[in-house]
There are 2 protein chains.
Amino acid sequence: MADGRLTRDFGRIARYGRRMSEVRLTTPSFLVLGIIDKLGEASPYDVKVEAARTVAPFWSMPHAQVYAQCDRLLEAGLLSEVRQSGGRNRRLMRLTDEGAAALRGWLADPAFVPVEARERGILKLWFGASPRVHAPVQIEEHRRTLDGYEELAGDVGELLTRGQREALEFGIRYERMMVDFWQWVESREP
Amino acid sequence: MADGRLTRDFGRIARYGRRMSEVRLTTPSFLVLGIIDKLGEASPYDVKVEAARTVAPFWSMPHAQVYAQCDRLLEAGLLSEVRQSGGRNRRLMRLTDEGAAALRGWLADPAFVPVEARERGILKLWFGASPRVHAPVQIEEHRRTLDGYEELAGDVGELLTRGQREALEFGIRYERMMVDFWQWVESREP
DNA sequence: GGGGGATCATCTGCATCGGACGCTCCACAG
DNA sequence: CTGTGGAGCGTCCGATGCAGATGATCCCCC
């Protein structure tokens, strides 16, 4: 084995936009672009709130990151500042043509990046933790989020776009799978 | 809503060992501790290779990190250097009592940390990418890793510890779920 | 006795993390 | 009015994590 494939390939850097000061575009970059695209026009704060409201279960960023990304994207010319309303320097931003192109390029790119399931519970199992201790907590928590998702699907399911509905469906299946899995773990004879 | 819960709670820092220069123990720390515990005695390189061989699908670290973690853990007194065999400074390390206690504490702690499913594919769906483009690739790739896991389970299933077998089962269920999900996405009428 | 590939380790530069801190605005009480 | 407190909004910093390049040492085989 060549020097072990230990890394995560988190990056898979893209450079769809071809202009200006050459930034590396990472997934968080596209998260910001995607949200601003949805909102049309937004301040960093709007982005942050919207991210927390929507995509956080799939990909969250700490607050400070949002501002940093916006700076980077502005500098790279993928976003443009629309206006500064007075005192509080509230920057409203839009996608530039380059920004829109970059987003489209990313969305269209089917490149597969293998995921790791960063489940601490599973890791603990691997290292020999007691299923007795962990299973009940896991089942309870996954059931809770599963309920939340299902309620969401029932309540606002109609209002979602197709893609959003599908992402939600993924969440539901994931949580259902986890509940089943931990029940299976619990039920094994010791 | 108070200032949005946007963050990931990646940390959930622990401090089970109570000695010395106060390090923050993160999941990677316990990964290293867990592996050294399994191996009994190991150099950073051994840890890195073992990690790549085993837990990488659940939690991988880039090479450099392993060395950094070892340094931190040594300094904190959770690991001890056993010997330096000559020229190439090959440090062999063991868990100290504190290290073993820290690991036990972590393993016993059922605290639930919500996962994010950092699936780029799902994120792209959310933002409106075309299922037509992505589904076939995703199905293919997930099926491939699923096959790999199942083969593994067949081949060496007997040799694994209970926890390892369970972790593998998780992998299988996860991949199976993904294949089903993307097939469902693909099959929806447009 | 020296080339070359596997083994082992480190450095560097950047992205990201989390949490604390600091503004601005507005509501409402005094 | 004036003051004060909390929600809305933004920034900073130290620690950690990341990817890849690069540097050494070993050992096999010629």
Side-chain angles (χ1 to χ4, degrees), chain A residues 1-14 21-32 42-52 56 59-76 81 84-93 113 116 118, chain B residues 1-14 21-32 42-52 56 59-76 81 84-93 113 116 118:
Chain A
M1 173 172 54
D3 216 35
R5 278 280 313 107
L6 174 58
T7 48
R8 196 183 328 171
D9 194 357
F10 221 168
R12 197 62 76 89
I13 298 315
S21 45
E22 292 296 309
V23 231
R24 296 151 60 85
L25 297 181
T26 61
T27 307
S29 316
F30 292 110
L31 221 179
V32 169
S43 74
Y45 184 78
D46 297 333
V47 173
K48 159 187 158 180
V49 170
E50 185 66 6
W59 206 294
S60 80
M61 320 171 53
H63 39 307
Q65 270 304 107
V66 175
Y67 293 94
Q69 282 295 339
C70 289
D71 292 346
R72 278 154 45 65
L73 295 172
L74 277 167
E75 189 185 2
E81 221 149 350
Q84 300 231 30
S85 68
R88 178 183 312 210
N89 67 340
R90 189 157 158 46
R91 304 175 286 162
L92 290 187
M93 301 167 307
V113 178
E116 308 158 62
R118 291 211 151 195
Chain B
M1 173 171 54
D3 217 34
R5 279 277 316 107
L6 173 60
T7 50
R8 195 185 327 172
D9 195 357
F10 221 169
R12 196 61 76 88
I13 298 315
S21 44
E22 293 294 310
V23 231
R24 296 152 59 86
L25 297 181
T26 62
T27 307
S29 315
F30 291 110
L31 221 181
V32 169
S43 75
Y45 185 77
D46 298 334
V47 172
K48 159 187 157 181
V49 170
E50 185 67 7
W59 206 293
S60 81
M61 320 169 54
H63 37 308
Q65 272 301 107
V66 175
Y67 292 95
Q69 282 296 338
C70 288
D71 292 346
R72 279 155 42 66
L73 295 172
L74 277 168
E75 190 184 0
E81 220 149 350
Q84 299 232 28
S85 68
R88 178 181 313 210
N89 67 340
R90 186 154 161 46
R91 302 175 288 161
L92 290 187
M93 301 166 306
V113 179
E116 307 159 65
R118 291 210 152 196

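Within every chain, numbering begins at 1; the chains are lettered A, B, ... in the order of the sequence lines, protein sequences first and strands thereafter.
When rounded to the nearest whole Å, the span between CG of Asp71(A) and P of dC9(D) equals 17 Å. As rounded to whole Å, 15 Å separates atom C1' of dG10(D) from atom CE of Met61(A). Straight-line distance from the CG atom of Leu31(B) to the P atom of dG17(D): 11 Å, rounded to whole Å. Between Trp59(B) atom CH2 and dG17(D) atom C1' the separation is 12 Å, expressed in whole Å. Atom pair Arg91(B):CZ and dC8(C):P shows a separation of 13 Å (rounding to whole Å applied). Atom NZ in Lys48(B) sits roughly 10 Å away from atom P in dT7(C) (whole-Å rounding).
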Report all interatomic pairs (protein N or O, nucleotide N or O of nucleotides 12-16 of chain D) with separations under 3.5 Å.
residue : atom : partner  : partner atom : Å
dT16(D) : OP1  : Arg72(B) : NH1          : 3.3

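Minimum interatomic distance between Arg24(A) and Arg72(A) (heavy atoms only, all atoms of both residues): O-NH2, 2.7 Å. A pairwise comparison of heavy atoms in Cys70(A) and Val32(A) identifies SG-CG1, 4.1 Å as the closest pair. Pairing each heavy atom of Ala56(A) with each of Ala52(A), the nearest pair is CB-O, 3.6 Å.
The stretch residues 62-71 of chain B participates, sequence neighbours left out, in these salt bridge (charged side-chain N to carboxylate O under 4.0 Å, His left out) pairs: Asp71(B)-Arg91(B).
Comparing dG18(C), dG17(D), dT7(C) against the side chain of Pro28(B) picks out dG17(D) as the nearest.
Qualifying side chain to side chain donor-acceptor pair (under 3.5 Å) partners for Glu50(A), counting only residues two or more places apart in sequence or in other chains: Arg53(A).
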Item to complete: Just do the side-chain contact (heavy atoms from CB on, under 4.5 Å) check on Val47(A) and Leu31(A) with the steps written out, would you?
Response: CA-CA 9 Å; Val47(A) 173; Leu31(A) 221 179; over 6 Å; no
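Within the 4.0 Å cut-off from OP1 or OP2 of dG10(D), at least one side-chain nitrogen or oxygen of Tyr67(A) is found.
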